[in-house]
Each structure stands twice: as C-alpha cells, then as structure tokens.
Amino acid sequence: MNLRRFLLGIDRTWAGYVLAVIAVCIAALVRFSFEPWLSGRGYLLFFIVAILFAAVFAGRGPAILAAVLAMAAIRIFGWSLGGWWSADLFAFVIAAGIVIWIAGYVTSLRRRSEESEQRAERRARRADDLAEELNLLIDGAAGYAIYMLDPQGNVTIWNKGAERLKGWSESEVVGQHCALFYPQAAVARGKPLHDLERARREGRFEEEEWRLRKNGSEFLAHVTMTALYDRNGKLKGFGKVIRDVTEERATERKLGASASHFRSILATVPDAMVVIDEAGKMLSFSKAAERLFGYTEAEVVGSNVSCLMPSPDRDLHDSYLRRYLETGERRIIGTGRVVTGLKRDGTVFPMELAVGEAVSDGDRVFTGFVRDLTQKQAAEQRMDELRSDLVHAARISAMGTMASTLAHELNQPITAVANFVSGVRNLLADNSPGDRAMIDEGLAEAYDEALRAGGIVRRLREFVARGDAEKSVEDLHDLVDGASKLALIGAREKGVEARFQLDPDARDVLVDKIQIQQVLINLMRNAIEAMARCPTRLLTVSSIPAEDGFLRVTVADTGPGVAPDIADNLFRAFNSTKSGGLGLGLSICRTIVEANGGRIWMESGPEGGASFHFTLVRADLDGLE
Ligand code: ADP
C-alpha cells in the first residue's frame with residue numbers, strides 16, 4: 001500500500017494531520033543531518049518550512065499540529081530555544097502564527113476562487129443546456145415561424161419553423177430586411193416600417209395579415225411582434241412569432257356558414273325543436289318552440305325540460321331519462337309518440353313528439369321535434385261528428401225510405417186483410433150455412449196476406465242489415481283492432497280509457513267481417529255515449545271461449561246501465577231513450593249476430609254499467625268443416 005492510497009483511504013481531515021506529522025518528521029530529519037554544520041542553530045527555519053507546507057496543503061489545524069510537534073522535536077533533540085519564556089520561543093511562536101494565518105488566508109482565498117470558478121462553470125454548462133433545449137423547442141414548434149429582427153428590421157435569428165413555413169433557409173435570410181415577407185401592395189403602403197414603429201410604440205401587438213412565402217404564394221398569418229429592450233432600456237430588436245391560420249379561418253368560416261344555415265332551417269321548420277342534455281337541461285329552443293310554448297329561448301335554456309309537460313310526465317321525466325341512460329331501453333327515442341304538452345299560459349295540448357339522440361365529444365344530447373296536434377285533433381273530432389251526423393242522416397233517410405216502402409208495400413196486404421176480415425164478418429152476420437166455404441177461404445186469404453206483410457217487414461230488416469252474410473275465417477283480434485280504430489276516434493279526448501282483454505288462443509271466427517265490425521262499432525259507440533257524464537269512463541272489450549264451439553265477445557262499460565223501461569225490448573227496433581236516437585242500432589246488431597249464427601244479450605254489471613255479450617262461431621277448432 002503506497003502513501004497516496006493510504007492517504008486517500010483515510011478521512012481527508014486526517015490526511016491533513018498525517019501530512020503535518022510527515023512534514024515535521026522530514027524537517028527534523030533534514031535539520032538533524034545538517035547538525036554538523038549548524039551546530040545547534042537554524043532549526044527554526046526548517047520547522048517553519050514544515051509548518052508552511054502543512055498550512056498551505058492541509059489547512060490551519062494540521063499547521064498548528066506541525067508547530068506543536070516542531071516544538072516537541074526541538075525539545076526531544078535538545079536543540080535549545082532558551083527557557084520557556086525566551087525570545088527565541090516567542091519569535092518561533094509569532095513566526096509560526098503569522099505563517100499559519102497567512103497560509104490559512106491564502107488557502108481560503110484559493111478555495112473560494114476554486115468554488116466560484118466551479119459555480120461559473122456549472123452555470124455556463126446549464127446555460128448551454130438551456131439554450132440548446134430552447135433552440136430545440138423553438139425549432140420544433142410546428143406551424144410557428146419564430147425569428148428576431150434588429151432595431152432596423154433586419155433578420156438576426158431564424159428558426160427551423162420559419163424555414164418550414166416561409167421557405168427561406170437561415171443563410172438566405174439572415175441580414176435581409178423584413179419587408180421581404182410582405183406582399184408587394186403592403187410594402188408599397190409602407191406596412192413593414194409601420195409595423196416596426198408600432199411595435200416600438202406599443203411594446204407588442206398582434207394582427208392577422210397576408211404574408212409571402214419564398215415561392216411567391218401568400219398565406220394568412222397570425223403575427224405577434226414584440227419589441228425587445230436591454231437592461232438599460234435600449235432597443236435590442238424585435239421578436240416575431242408567425243402562425244399560418246389560412247385553413248383554420250377557412251374552416252371557421254365554413255363552420256360559421258353551416259351553423260347559420262342550420263339556424264335558418266331551425267328558424268323556419270314548422271316543428272318546434274328542443275335540445276336537452278343527459279340531465280334533461282334545455283340547451284336550445286327553436287323559434288317554432290317559442291311560438292308553441294310561449295317561452296323565449298333565453299327564459300328556458302338551462303332549465304329542466306319537464307316544465308313543458310303536464311303531470312304526471314312532469315314529475316316522472318327525470319326518471320324516464322335515468323332509466324334510459326341506465327338500461328338503454330328505448331321507449332320514445334327513434335319513434336314518434338302522441339303525448340301532451342304544457343304551454344306557458346297553462347294550456348295542455350296534444351302533441352306528436354319524435355326524439356333523436358346524438359353523441360358528440362362524449363356528451364349525449366337528445367333532440368325533440370314537437371308537432372302541435374290541437375288543430376289536427378279538432379279537425380278529426382269535427383270529421384267524427386260530421387261522420388256520425390251523416391250516419392244519423394243516412395239512418396233517417398233509410399227510415400224515411402223504409403217508412404214509405406212499408407206504407408206502400410204493407411198497404412196492399414193490410415188492405416186485403418181488412419177487406420177479407422170485413423167480408424168474413426158480413427158473411428158471419430148473414431149466418432147462412434152455404435157461406436161456410438167462403439168464410440174459410442176469406443180467413444185463409446187474410447192469413448196469407450198477414451204473412452206476406454210479415455215477410456215484407458223481415459225483408460226490410462235484412463235490407464237494413466246489408467243483406468245476406470258473407471262468411472269467412474277472420475282473426476277476432478284484427479276485427480276488434482279495426483273496429484276500435486273507428487269507434488274510439490275522439491274517445492281519448494272525452495276521457496275514455498279503452499282496455500282489451502282478448503283471449504290470446506281462441507281468435508279465429510267464421511263471420512262476415514264488415515257486419516261484425518259494424519256490431520262492435522255500434523256497441524262501443526253506445527258505451528262511450530252512455531259514459532259521457534260518468535266520473536269513471538272505462539270501456540272493456542274482452543273475449544273468452546264459450547260452449548258448443550262459440551266465442552263470446554263482451555263490450556262492457558262503466559256507464560249508468562240500460563234504462564229499466566227499455567231493457568225488456570232492448571233489441572227491438574225503434575226503442576231509444578236518446579232525443580235524436582232511432583233505436584235501430586241494437587236491433588240491427590241482433591239481426592247481424594243472428595245472421596252470423598250467434599246470439600246477443602245484455603247484462604247489467606254488479607256495480608252498474610252495461611255489458612253487451614254476443615257469440616260468434618269459432619273457426620279454429622279441430623273437426624270444424
Ligand atoms: P239509439 O242509440 O239510436 O238510441 P240503439 O238501438 O243503439 O239506438 O240503442 C237503444 C237504446 O238502448 C239507447 O237509446 C239506450 O237507451 C240504450 N242503450 C244502448 N246501449 C247502452 C249502454 N251501453 N248503456 C246504457 N244504455 C244503453
């Protein structure tokens with residue numbers, strides 16, 4: 001192990017002290033070898049050198065140790081310093097003290113200068129690193145041209161981005177005046193110098209202006225120009241940052257144009273349009289919506305869409321939305337539905353609502369298109385009324401025709417019956433036995449004429465019931481569906497709820513479709529009319545299999561029930577409690593049902609209301625021919 005390794009192996013401080021001991025030993029050795037010539041003098045010089053060495057290379061502590069060791073060596077080797085208080089000792093201590101102080105001072109100066117040198121070196125290295133990073137950053141700023149001008153407007157620094165954007169390389173452009181980048185017209189207007197002056201005056205400005213590329217093409221540039229001053233406030237030059245915004249502005253213009261196109265469509269479409277977010281908050285409200293609901297867009301945007309609905313939807317809408325977001329189960333989205341809306345003035349109106357869904361940037365929005373059905377429903381109701389007036393008028397005219405036909409057709413047989421009966425009465429009054437044969441003949445003729453009159457009435461009834469039944473196998477569900485579409489027009493508005501409880505299995509019947517639908521329509525309309533003034537308005541159409549291959553259909557209502565005075569002859573013609581009623585509907589129903597092989601009857605419900613039952617022949621049973 002050599003000395004260096006030994007010294008490095010121990011602590012740096014201890015190395016200093018070891019160095020001091022070695023220096024004193026060497027000094028003592030050298031002095032010892034010079035003893036023959038110096039004979040007891042000059043030892044201080046050697047030890048002062050050792051102390052100086054220790055002070056310079058190891059610091060003050062080791063130097064003090066060296067001084068103490070030197071004094072010990074002098075004592076050990078018997079070199080004289082006089083007594084403890086001699087002048088030699090005093091001089092040695094003073095000299096050693098001065099040497100130690102000076103060496104220590106010099107050492108600390110040296111150390112400080114070393115440190116500050118290191119610091120400066122570190123800073124310079126850091127500054128280099130930063131400058132390099134900054135250059136990389138500036139050069140890498142895609143789409144940005146970053147360059148510097150001197151106070152006169154000549155290019156001094158030019159980055160890679162500027163080269164990419166404008167086309168000139170650094171060597172081509174450094175030293176050139178910035179007017180190079182302006183279109184000719186702008187140069188002619190003095191724009192380059194004006195910009196330099198403006199930046200000097202305002203410190204910094206931004207603008208969008210056309211600029212030139214090396215290849216002569218122009219681009220719309222977003223320019224930021226900043227005046228740069230040194231510490232003394234002297235103008236150093238200008239920093240320019242330029243970005244090509246040609247496409248950006250073109251896209252913005254296109255977007256703006258399509259947005260205004262969209263707005264103009266929205267302002268003119270007749271359907272009201274309301275856009276809401278996932279929480280039901282309204283985001284936009286079209287002009288038609290403003291007209292329909294009576295709110296302005298500013299009033300409702302931000303509030304919950306449920307304020308446009310009457311109860312119960314008003315209270316349930318949030319839960320509808322939540323359920324859709326959780327389950328994805330569509331009830332109204334993508335399809336239209338007739339619902340009710342609430343205007344600002346409290347009017348509830350029928351409306352057709354179609355809802356579309358869109359997801360953009362992760363946000364989901366729902367667009368509702370609303371069509372006011374008030375007019376349409378009013379028109380339908382009017383049509384309905386007109387239709388029933390027409391039916392009424394047709395019945396009256398049929399009645400008139402029937403009455404005159406009856407009068408005409410029945411006139412003959414009845415007159416004949418009257419004549420025969422009167423003749424028979426005369427013969428009976430004469431009481432002559434020879435007249436017996438004539439009496440029998442007269443009575444037989446009267447009987448035949450009476451039958452003929454009956455036949456005429458029956459034929460007329462069949463005529464009203466639209467002649468013979470043309471039977472075919474029909475699906476009862478379809479029959480009921482078709483009939484209720486007609487019969488229930490306007491029923492919803494009258495507050496009537498319709499329920500259908502049709503047997504899912506027994507559904508094929510052998511009937512004349514049009515005739516049975518006529519029966520269903522008559523019964524359902526009678527029920528709706530009967531419930532007009534009742535608090536509960538529930539109409540139920542049901543079917544169940546009945547005995548002997550029949551299916552029983554029931555039309556039940558929650559009305560007042562059939563008046564007792566007509567209940568017995570309910571299915572006879574001309575039996576009516578209505579002021580404008582003809583009392584023919586139920587009699588026609590009976591004719592039709594019987595012509596179709598079934599029967600019809602009425603039962604009063606236990607809690608009031610009337611239930612009209614009729615049977616139809618089933619066509620879905622095995623063995624049916
Ligand atoms: P109209 O309807 O022209 O009076 P209908 O033959 O259809 O002729 O009815 C005869 C009468 O039967 C009605 O006037 C009414 O009093 C009674 N009626 C019919 N259906 C019902 C019902 N669902 N509830 C109560 N009464 C009814």
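Note that ligands are numbered from 1 as they come in the structure, with each ligand's atoms numbered from 1 the same way. No hydrogens, no waters, no symmetry mates; every other heavy atom, side chains included, goes into these values.
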- Query: Where does Leu523 meet ligand 1, judged by heavy-atom distances below 4.0 Å: at the side chain, the backbone, both, or neither?
  - Reply: neither

- Check ion pair Glu208-Arg249 (N to O, under 4.0 angstrom): yes

- Query: Can Arg322 and Asp318 be counted as an ion pair, charged N to O under 4.0 angstrom?
  - Reply: no

- Item | Backbone or side-chain N or O of Ala563 under 3.5 Å from ligand 1 N or O | no

- Message: Within this structure, what is the CG-OG1 distance for the pair Leu342 and Thr347, rounded to the nearest 0.5 Å?
- Response: 8.0 Å

- Query: Under the 3.5 angstrom rule, does the side chain of Thr246 hit a backbone N or O of Leu220 as a donor-acceptor pair?
  - Reply: yes

- For ligand 1, which atoms, with element, lie under 4.0 Å from some heavy atom of Leu570? 12 (O)

- Atoms in ligand 1 with a heavy atom of Asp557 nearer than 4.0 Å: 22 (C), 23 (N)

- Counting N and O atoms only, with roles assigned by atom type, does the side chain of Asp503 sit under 3.5 Å from a partner on the main chain of Ala506, one being a donor and the other an acceptor? yes

- May I ask whether Phe571 places a heavy atom under 4.0 Å from ligand 1? no

- Contact with ligand 1 for Asn522, non-hydrogen, under 4.0 angstrom: no

- Task: For Ser217, enumerate each residue passing the side-chain hydrogen bond (donor to acceptor under 3.5 Å, both in side chains) test, keeping only those at least two apart in sequence or located in another chain.
- Result: Arg213, Asn215

- Heavy atoms only: which of Ser604, Gly561, Ala610 is nearest to atom 25 (C) of ligand 1? Gly561

- Just jot down the side-chain hydrogen bond (donor to acceptor under 3.5 Å, both in side chains) partners of Ser472, sequence neighbours excluded, or say none. Glu474

- Message: On a heavy-atom basis, I'd like to know which of Leu539, Val562, Val555 is closest to atom 27 (C) of ligand 1.
- Response: Val562

- Task: For ligand 1, find out whether one of its N or O atoms is nearer than 3.5 Å to an N or O atom of Thr577.
- Result: yes

